[in-house]
Each structure stands twice: as structure tokens, then as C-alpha cells.
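In what follows, chains are A, B, ... by sequence order, proteins preceding strands, each numbered from 1.
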Amino acid sequence: MAGRFSPLAKPQGTWWSPLGRDERLWVAIAAIWGLGRFLMIAFILPAIGNEQNEIQSYRIDPAEFHRLATEFTEAHQIGEMDGVPVVAPPPGSDIYLEGQQFAWRPVVQLKRGEQYRFLISSRDVQHGFSLVMSRHSLNFQVLPGFVTAIHLTPEQVGEFAVVCNEFCGAGHHVMTGRIIVTD
Amino acid sequence: MQMVMSGLARRCGVTGLVIDRSAERLIKFHAVTAVLFLALGGTLALLIALTRWQVVHLLPAKQFYAFLSAHGMVMLIFWILFFEMAGLVFGSTVLLSARMVVPGLGWVAYAMMLGGAVIATGLMVTDRATVMFTSYPPLKAPPLYYASVLVFAVGAILGVVHFFINVVAARMRGDVGSLPLFTFALAGAGIIALWSLISGAVALLPAFLWSAGVIDSIDPGVYRLLYWGLGHGAQQVNLAAMVAVWYGLASLMTGGRPLNEGLSRFAIVLYIFFINMGAMHHLLVDPGLTTWLRNINTSYFMYLAVLGSLIHGFSIPASVELGMRTQGYRKGLFGWLRRAPWGEPGFAALAVSLFLFGVMGGISGVIIGGPQVNMIVHNTLLSPAHFHMTVVAGTTMAFMGLAYYLVPLIFQRQLVLRRWATYQPYIYGAGMVVWGLGTGLAGHWGVPRRHWDISFDRVSTLPTQIFQTTVVDVFMALLGIGAVIAVIGGAMFVTIIVSTVALGQRTATPNLGRVIADAFSSAPAVAGASGEEKEAPVPAHGAFEAPGALVLSLAFLTLFVLLYGFSWFELSTVPWRVR
Ligand code: HEM
Ligand SMILES: [Cu+2]
Ligand SMILES: [Cu+2]
């Protein structure tokens with residue numbers, strides 16, 4: 001049998017030896033657990049979960065996105081909140097949400113149980129879209145020049161804060177937005 | 001031998017290794033520089049932590065963001081890399097009793113790293129490059145900032161190249177056949193480091209040109225991909241280096257030898273092949289990647305690297321068990337563990353590092369690295385909580401443990417304040433646990449990272465009080481209190497090392513406490529050395545050689561499975577459907 005060598009010394013002679021019982025058992029268990037996690041992420045959760053990571057994206061010129069977002073806001077505006085336009089687009093529609101130093105616009109009003117496609121982008125630097133609930137948050141990275149597209153369906157009525165969780169400059173901590181969910 | 005007589009080298013009075021004097025000097029410079037950066041980073045850590053603790057809210061916003069940028073850079077890049085360079089020189093010369101082949105290259109690398117690091121740090125702490133260590137464009141820093149980081153990176157690349165030159169030359173001279181496991185793991189770290197540093201340089205070069213006005217835009221998506229080629233790779237460098245230190249400390253403290261050398265080496269190779277592929281786990285909620293790519297990259301490939309860590313996570317406690325049993329501590333399943341040298345700083349650091357890295361850092365990393373669960377974690381405080389458990393409670397703690405032996409041996413001085421050193425790992429570890437729990441739970445509740453004011457009291461439009469709750473207050477208080485404790489632990493380390501280097505009594509044979517002198521000897525282990533509790537040398541637990549470590553590992557895995565399941569449950573309670 002080969003000897004065992006200190007990790008701090010040059011091994012002399014053969015150090016290779018077949019796996020013993022301890023190692024065989026552990027490696028087998030660890031490998032099975034790795035496989036389990038792989039199946040969970042790649043197949044099981046995608047088949048059963050309500051929260052899927054299926055972000056889609058495409059490139060867009062920030063000026064073009066701004067134009068679309070402005071058009072969208074004007075078409076669906078129902079009022080204002082703290083000077084920020086509030087929009088109430090019909091269920092199932094696309095929502096343009098624009099991040100800029102230092103605000104998320106517009107305020108969006110949604111109907112519970114309806115699915116909306118959020119198209120989120122930035123006018124200037126990178127931002128972090130963070131939709132905060134009482135004990136969780138949903139977070140997506142937002143880059144200028146790219147649209148981050150996700151489908152969201154609210155299941156609970158209420159007002160949800162949106163904050164920014166990617167450092168975006170001196171006013172990062174005043175960057176907020178709002179999503180309102182009604183019945 | 002010739003070298004020793006010519007005065008270009010000396011023979012170590014404790015280990016018997018031949019130490020090239022120029023390598024020794026280079027190690028000293030790297031180590032001292034590293035510790036000074038650690039001291040600076042720790043000071044900044046205290047200030048930013050006391051700002052995030054909303055009750056104290058110490059710094060004004062501008063200074064907070066500037067210091068946060070500097071803390072990330074100084075700690076994650078400068079402290080860690082300077083220490084690793086010291087380790088690379090040590091592993092490729094001293095441990096092999098080999099000469100440093102091109103000292104000039106080593107010094108050029110050091111000078112470039114130092115110059116770049118000092119300038120970048122200066123710009124960051126003075127609020128002239130407040131872009132965080134990630135410097136995501138189009139947030140812009142002055143050209144000098146990118147230039148200094150590039151110079152640092154090129155210096156680090158040269159340092160790694162120098163390591164390989166030393167190793168190859170030693171092999172060609174016939175000074176070494178198989179590398180010691182410690183050096184082998186560092187070689188793994190070196191390979192990953194080359195890849196990651198090059199990737200970082202490729203990300204930063206266009207950023208430099210853009211900042212200097214040579215090109216007028218850079219793609220933020222491509223930058224992120226390349227940057228995390230560096231950022232993630234660099235973490236695996238730290239991981240592999242930490243594993244090297246774990247094996248080294250296990251051997252030095254308990255005479256432990258890897259249960260199966262081939263398996264341990266194979267697990268290092270897994271890191272090399274599979275870790276860079278997991279780099280996209282920083283981009284899980286970015287635009288630009290497809291779902292398929294996300295799932296495969298994070299789930300399939302990454303788990304082979306995790307398998308590597310699970311192998312080490314068992315192999316190292318097993319080697320400690322084996323070492324202790326060989327010394328005669330054979331009682332029961334855990335007699336070896338009870339009688340382990342808990343009062344020896346190196347063992348304390350090893351135990352704290354291994355435990356916190358595995359239980360808090362490793363499990364949390366695998367959980368939040370899944371594309372689905374990542375949606376409720378990305379850029380919340382849970383992310384820094386995770387990586388402080390890996391790179392601080394794990395890597396930094398392990399490096400501190402090694403320094404308690406490396407510094408006396410290399411500087412040939414008696415370790416000062418040895419008593420402090422025996423408590424230091426526990427204080428530092430306890431601080432990190434409190435800090436990590438507070439920060440991690442706050443993140444789970446949605447509290448953003450890199451954020452000066454979660455009260456949102458100064459917001460003029462759409463204010464929110466979402467984080468003004470008692471639970472969040474408690475978590476942020478834990479963050480603050482834990483930080484104070486950890487910083488005390490860190491300051492103890494810096495004090496011990498700095499005073500050893502400056503004031504420690506000079507001696508050719510520093511007292512290293514209870515170390516196993518044959519840790520440096522190339523001979524295979526012999527069973528049945530001295531020790532108490534001698535019993536019959538027959539293994540008492542069937543044919544398992546390390547039954548205690550096996551039970552511990554299985555307990556760890558059970559916790560892992562439970563927490564993993566819990567994370568999926570938490571995701572399912574989110575009151576939004578996402579697709
Ligand atoms: C006493 C020990 C330490 C304490 C109390 C501490 C505390 C903190 C705090 C409060 C933050 C800010 C989190 C946020 O607001 O986003 C932070 C960020 C960070 N820390 Fe530490 N830290 C410590 C040691 C270290 C060490 C040793 C390293 C690296 C080896 C490190 C690497 C980082 C990094 C990379 C960041 C992220 C910076 C960024 O978001 O750009 N820390 N730390
Ligand atoms: Cu922002
Ligand atoms: Cu921001």
C-alpha cells in the first residue's frame with residue numbers, strides 16, 4: 001500500500017492508492033446530491049414552481065426605450081402620485097418601466113390575478129429593480145441598452161415598494177417606485 | 001546545500017527546509033503589504049458597518065459609498081492577492097527547498113501590484129472613484145483608476161507566471177517530482193488565477209479606453225460577463241488557496257495526512273475545469289442570457305466544482321481524525337475531536353474557517369446560486385452575507401491561521417502575544433457569525449446591499465417605510481454588533497503580526513507551539529507515535545478509517561438538504577407569479 005504524505009512535503013514514492021471505504025461512500029453520496037440539485041433546477045422546479053426564472057431580453061437604444069415608455073405612460077395614465085404619473089394598463093398588456101437616476105417611472109396599477117409583461121430598462125446607468133414585499137423581494141438587473149422582460153402576476157392586493165439595489169450614483173438610496181395591486 | 005554555504009540561502013532551524021534569501025525577502029514584503037491592506041480594509045469595514053446599522057448611521061452618504069468601494073477593493077482584491085502571492089512564492093520555493101529562479105520578475109510583479117493598489121485605493125477613499133469594486137459601466141471613474149487596476153492585474157499575472165517558472169525550473173533541476181499537495185493546490189489556484197486575471201484585464205482595458213475618451217461607449221452586458229470571469233474566477237483562486245492552507249494546517253497541527261491523496265488532487269482538478277463555467281451565477285437575473293444557459297451553467301457545471309469542495313470538506317476533517325488517531329487518540333467516535341488542539345491558533349483558525357465556510361458560506365452559496373432562488377436574493381444583503389462567510393470567515397480566517405506560523409518562520413522572530421492568538425480565531429469567527437446572521441436575514445427580508453439609507457426618510461417622491469420594522473432593526477443591529485466584534489478580532493490579528501514583525505525576539509528557532517515537526521518531512525506517515533489514551537490499534541468502527549469525520553460530514557449534508565428545501569419553500573411563498 002502506498003504511504004500517506006504530509007501536504008507540506010514533497011511526496012516520495014507512490015502516493016496513488018485506490019479509494020478506501022470512507023471515500024467511496026462519501027463521494028457517492030456527494031455525487032448523488034449534486035445530481036439531485038441539478039435535476040431540481042433544470043427539470044423539477046421548472047415543471048412545478050410558480051416562480052420561474054425565464055427572463056427574456058433584447059437590445060434597444062435607450063432613447064428609443066424612453067420614447068416607448070413615454071408613449072405607454074401617456075396612453076394609460078389615470079392620475080399622479082407624488083408627481084409621478086400613475087398608469088393602469090389593461091390586463092395582459094406590456095408594461096414599460098424605466099429606471100433613471102434616481103427614480104422608477106411610472107407608478108403601475110395592476111389587477112390581481114392578471115399576468116403582465118414587464119419591459120424594464122434604464123435611461124442612464126445600471127439599476128437594480130427590486131420589488132419589495134413584507135418578507136421577500138424580487139430582483140432583476142437592469143442595464144441601459146437592454147430590455148429585461150419578465151412576466152409578473154400579482155397574487156396579493158396592496159401597494160408594493162420598488163427600490164433600487166444596484167449602486168447607481170450619489171442618489172441611489174432615494175430611488176424608489178411603486179406598484180399598486182387592486183382587485 | 002551549495003546555496004546554503006554561499007549565503008544565498010539558509011536552512012530553517014525548525015523545518016529543515018532550505019530557504020532562498022531573495023524569496024524570503026519577497027515573501028516578507030508581500031505579507032506585510034497584505035496585512036497593512038487588511039488593517040485599512042478593516043477600519044473601513046467598521047465605518048461602513050456602523051453606517052448601515054441604521055441607529056448609528058455614522059457616515060454621510062458620499063463618504064459611505066466611497067468607503068464601501070474602497071473596502072471591497074482593498075479587502076477582496078488587495079489583501080487577499082498580496083497574501084496569496086506570499087503563499088505562491090512560499091509554495092514554489094521554500095516548500096520545495098528550491099531557488100527562486102528570476103527574482104527580478106518577482107520584484108517587478110510586486111512593484112506593479114503595489115503601485116496599482118496604492119493609487120486605486122487613494123482614488124477610492126477620496127471619493128474620486130466611487131464606482132464600487134465592480135465599476136459597472138456606464139458609471140464612470142477617471143482613467144487613472146482603470147489604469148491603476150490594470151497595472152495591478154498585470155503585476156499579479158506576472159507573479160503567477162513567476163510561480164510557474166519556479167515550479168517548472170525546480171522540476172527540471174530534479175529538485176522535485178510530485179509537488180506537495182499544498183503546492184499542487186496553489187498550482188490549481190494559479191491556473192484559475194491566470195484565466196481570471198486575463199478576463200479581468202480584457203474587461204477593464206476597454207473601460208479604460210472609454211474613460212479616457214478613446215472609444216465612446218462600452219457594452220455594459222459584455223463588461224459584466226467578462227468582469228465576472230475575473231470576479232468569480234478570483235473567488236475560486238481564494239477557494240483553492242484556502243484549501244491548500246486547510247490541508248497545510250491540518251498536517252501542521254495534528255499530523256493529518258489526506259485520506260486519499262489522489263482524490264484530493266482530483267478535487268483540485270475539478271475546480272480548474274468546472275469553476276469558471278459557474279461564473280454566470282452573478283448574472284442570473286441579468287438580461288442577455290437564455291434560460292437554458294442559466295440552468296446548465298449554474299446547475300450542471302457548477303455542481304462538479306461543488307463536488308470538489310464536498311470532497312475537501314470531508315477529506316480535511318478526515319485527515320485531522322486520522323492524524324489524531326495515529327497519535328493515539330482513539331476513544332469513541334469523537335475522542336479525536338475532543339482532544340484536538342483547540343488552544344493552538346492554527347487549529348482554532350482551521351476549525352472556525354472550515355466550519356463557517358462550509359455551514360454558512362458553502363450552503364448559502366449553492367442555494368442562492370440557483371437561477372430561481374437567486375431572484376429573491378440578487379443584490380440584497382444576503383449576497384454580501386454569503387461571500388463574507390466564504391472569503392472572510394473562510395479564506396481570511398485560514399490565512400490568519402497560517403500567518404501565525406509562516407510569519408515567525410520567515411521573519412525568524414518569536415510570535416508576540418501568543419495568548420491573544422489562541423483567542424483571536426474564536427472572536428473573529430463569533431463576530432462574523434453574528435454579522436452574517438444579521439446581514440443574511442436582512443437580505444432575506446429584501447434589504448438592498450450597497451445602500452446608505454433604508455429608512456427612505458430623505459426620499460421626496462414615493463417614500464416607503466417597508467424596512468422600518470422591528471425585525472429589520474434587529475437584523476441591522478446584529479450587523480453592527482457583529483461587525484464590532486469581528487473588527488476587534490481582526491485588529492488583534494493585525495496587532496499580533498505587526499508587533500511580531502517589529503518587536504518579536506529574533507531567533508533562528510521560533511517557538512511554534514504544539515506543531516507536528518514531521519509535517520515537513522517527505523517520509524510516509526508511521527502509525528502509533530506518542531499520545532495518550534492508547535488503545536488497541538485496531539480500528540474500532542468496522543472498516544472505516546475516519547468514522548467521526550464521516551458522521552460529521554453526513555450531519556452537514558443533512559443540514560444542507562434541509563436548508564436547500566427550505567429555500568425552495570420560501571421561494572414558493574412569494575405572492576407573485578414570475579415567468
Ligand atoms: C471585520 C470584518 C468585516 C466586516 C465587519 C465587513 C463589513 C462589510 C459591510 C458592512 C459591507 C457593506 C455591505 C453593503 O452595504 O452592501 C461589506 C462589503 C464588502 N466586503 Fe466586507 N467586511 C469585513 C471583512 C471583509 C473582508 C476580509 C473581505 C474580503 C476578503 C470583505 C469583502 C467585502 C466586499 C467585496 C464587499 C462588497 C463591496 C461592494 O458591495 O462593492 N469584507 N463588508
Ligand atoms: Cu438606481
Ligand atoms: Cu441604485
Going by residue number, which parts of residues 110-131 of chain A are within reach of chain B, meaning a heavy-atom gap below 4.5 Å? A/L110, A/Q115, A/D124, A/V125, A/Q126, A/L131

Per-residue tally against chain A (heavy atom, under 4.5 Å) across B/I376, B/V459, B/T134, B/T464 peaks at B/I376

Not counting sequence neighbours, which residues clear ring pair (Phe, Tyr, Trp, His ring centres under 6.0 Å) with A/F140? List them please. none

Short side-chain to backbone donor-acceptor contact, B/R579 and A/N50, under 3.5 Å: no

Between A/V147 and chain B, which part of the residue has a heavy atom less than 4.5 Å away: side chain, backbone, both or neither? backbone

Against chain B, residues from residues 66-97 of chain A with at least one heavy atom under 4.5 Å, in numeric order, are A/M81, A/D82, A/V84

Closest approach of B/L571 and B/Q372, non-hydrogen atoms and distance? CD2-CB, 3.8 Å

Using non-hydrogen atoms and a 4.5 Å limit, figure out which bit of A/L39 sits close to chain B: side chain, backbone, both or neither. neither

Looking only at the aromatic ring of each residue, does the gap between the centers of B/Y65 and A/F167 stay below 6.0 angstrom? yes

Is there a donor-acceptor contact under 3.5 Å from the side chain of A/K10 to the main chain of B/L96? yes

Chain B contact via A/I48 - side chain, backbone, both or neither, heavy atoms under 4.5 Å: neither

State whether the side chain of A/N165 and the backbone N or O of B/H378 hold a donor-acceptor pair below 3.5 Å, judged by distance alone. yes

Once ring pair (Phe, Tyr, Trp, His ring centres under 6.0 Å) is applied, do any residues pair with A/W33, and if so which ones, sequence neighbours excluded? B/F560, B/Y564

